Structure formats: structure tokens, C-alpha cells
Peer 1: 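Here's a structure for you.
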Amino acid sequence: YKPEKFFQYLKIIGEILVRGQATGVFDPSISPDLITRAIFGAIDELALEWVLTKNRRHSLTEAGESLLKILLGGFRTR
């Protein structure tokens, strides 16, 4: 078993982070590999919670927008 599509997905996230670091949008001291896994983990957990929970407190759109705010606000250079 080789999860090629999964690795491609992670590579896309990593490339976005590297470009953001190169242009000064994201903090260059943060490892793109670690952040890639953290982003995937956060998305995976939100999706899993949404699928498994019948009493949803937030829509998937709300969860995604909140995650985006957290990620961008925490990775931007000041």
C-alpha cells in the first residue's frame, strides 16, 4: 500500500507554505513539514467530528473558516 494521493496532497500544502515563506507572508522559522502535518491533522479531525457527530455545533463551512483564521493568523509574520 502506497498512499500516493495522500502524499501529493501533503506536497501541495507544503509547496504553498514554502511559497508563503519565500514571499514573506509566512514565518520562515516554522518547518513546512511540521505545519503541513498539523494542517492535515486539523482538517482530518474537523471532518471526522463532522461525520461522526449527529449534534453538530458548527457547519463544516464554519469550522473550515475558523480553522483558516487560526492558521493564517498564527503563521503570518508580524
Side-chain angles (χ1 to χ4, degrees):
Y1 170 74
K2 292 185 181 181
E4 294 300 325
K5 292 292 183 187
F6 174 69
F7 292 136
Q8 289 174 5
Y9 174 70
L10 293 181
K11 184 179 177 184
I12 291 168
I13 295 172
E15 288 171 354
I16 291 168
L17 293 168
V18 168
R19 283 188 214 149
Q21 287 175 324
T23 60
V25 175
F26 299 138
D27 184 341
S29 69
I30 299 172
S31 166
D33 293 333
L34 292 175
I35 298 304
T36 296
R37 287 296 185 149
I39 291 170
F40 173 76
I43 293 170
D44 186 52
E45 181 58 31
L46 288 173
L48 181 65
E49 192 263 343
W50 189 83
V51 168
L52 297 178
T53 304
K54 291 182 181 170
N55 297 321
R56 297 180 182 117
R57 292 175 283 160
H58 307 286
S59 71
L60 202 51
T61 300
E62 286 177 306
E65 288 172 353
S66 292
L67 178 59
L68 182 62
K69 285 180 185 177
I70 293 166
L71 294 174
L72 291 178
F75 299 157
R76 288 188 181 186
T77 57
R78 307 263 182 241

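Only a predicted model underlies this, so the values are computations on that prediction, with no experimental measurement involved.
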Peer 1: Would you please name every residue forming a side chain to side chain contact (heavy atoms under 4.5 Å, CB included) with Leu48, sequence neighbours left out?
Peer 2: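 With neighbours one apart ignored, the set is Glu45, Leu52.
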Peer 1: How would you list, by chain and number, every residue that makes a side chain to side chain contact (heavy atoms under 4.5 Å, CB included) with Tyr9, sequence neighbours excluded?
Peer 2: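 Applying side chain to side chain contact (heavy atoms under 4.5 Å, CB included) to Tyr9 gives Ile13, Phe40, Ile43.
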Peer 1: Under 4.5 Å between side-chain heavy atoms, chaining through other members, with only Ile, Leu, Val, Met, Phe, Trp and Tyr counted: pull out the rest of the cluster around Val18, sorted by chain and number.
Peer 2: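 Reading the cluster by chain and number, Val18 sits alone, since nothing else belongs.
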Peer 1: Just by distance, do the side chain of Thr23 and the backbone of Gly20 share a donor-acceptor pair under 3.5 Å?
Peer 2: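 Pair found, side chain donor or acceptor close to backbone of Gly20.
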Peer 1: Can you check whether Pro3's main-chain N or O pairs, donor with acceptor, with Gln8's side chain at less than 3.5 Å?
Peer 2: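 No.
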Peer 1: Would you kindly confirm whether Ile70 and Leu34 end up in one hydrophobic cluster when ILVMFWY residues are joined by side chain heavy atoms under 4.5 Å apart?
Peer 2: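 Each belongs to a different hydrophobic cluster.
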Peer 1: Sequence neighbours excluded, which residues qualify as ring-ring contact (aromatic ring centres under 6.0 Å, His included) partners of Phe7?
Peer 2: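 Expected list: none.
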Peer 1: Using the side chain to side chain contact (heavy atoms under 4.5 Å, CB included) criterion, which residues pair with Glu65? Sequence neighbours excluded.
Peer 2: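 Residues passing side chain to side chain contact (heavy atoms under 4.5 Å, CB included) with Glu65: Thr61.
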Peer 1: Which heavy-atom pair separates Gln21 from Pro32 by the least distance, and what is that distance?
Peer 2: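 Taking Gln21 first and Pro32 second, the nearest heavy atoms are OE1-CG, 3.3 Å.
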Peer 1: First locate atom CG of Leu60, then atom CD of Glu49, and finally report the distance between them rounded to the nearest 0.5 Å.
Peer 2: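 These two atoms lie 9.5 Å from each other.
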Peer 1: Got a sec, which hydrophobics cluster with Ile12, joining ILVMFWY side chains under 4.5 Å apart, including via others?
Peer 2: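 Ile16, all in the cluster of Ile12.
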Peer 1: Listing request: all side chain to side chain donor-acceptor pair (under 3.5 Å) pairs with a residue in residues 28-39, at least two apart in sequence or in separate chains.
Peer 2: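 Counting only pairs at least two positions apart or across chains, the side chain to side chain donor-acceptor pair (under 3.5 Å) contacts touching residues 28-39 are Asp27-Ser29.
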Peer 1: Check for me, please, whether Leu17 and Phe6 land in the same ILVMFWY cluster - side-chain distances under 4.5 Å, paths through other members count.
Peer 2: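 In one cluster: yes.
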Peer 1: Are Ile30 and Ile39 connected in the hydrophobic side-chain network, where two residues link if heavy atoms are under 4.5 Å apart?
Peer 2: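 They do share one cluster, since a chain of ILVMFWY contacts under 4.5 Å joins Ile30 to Ile39.
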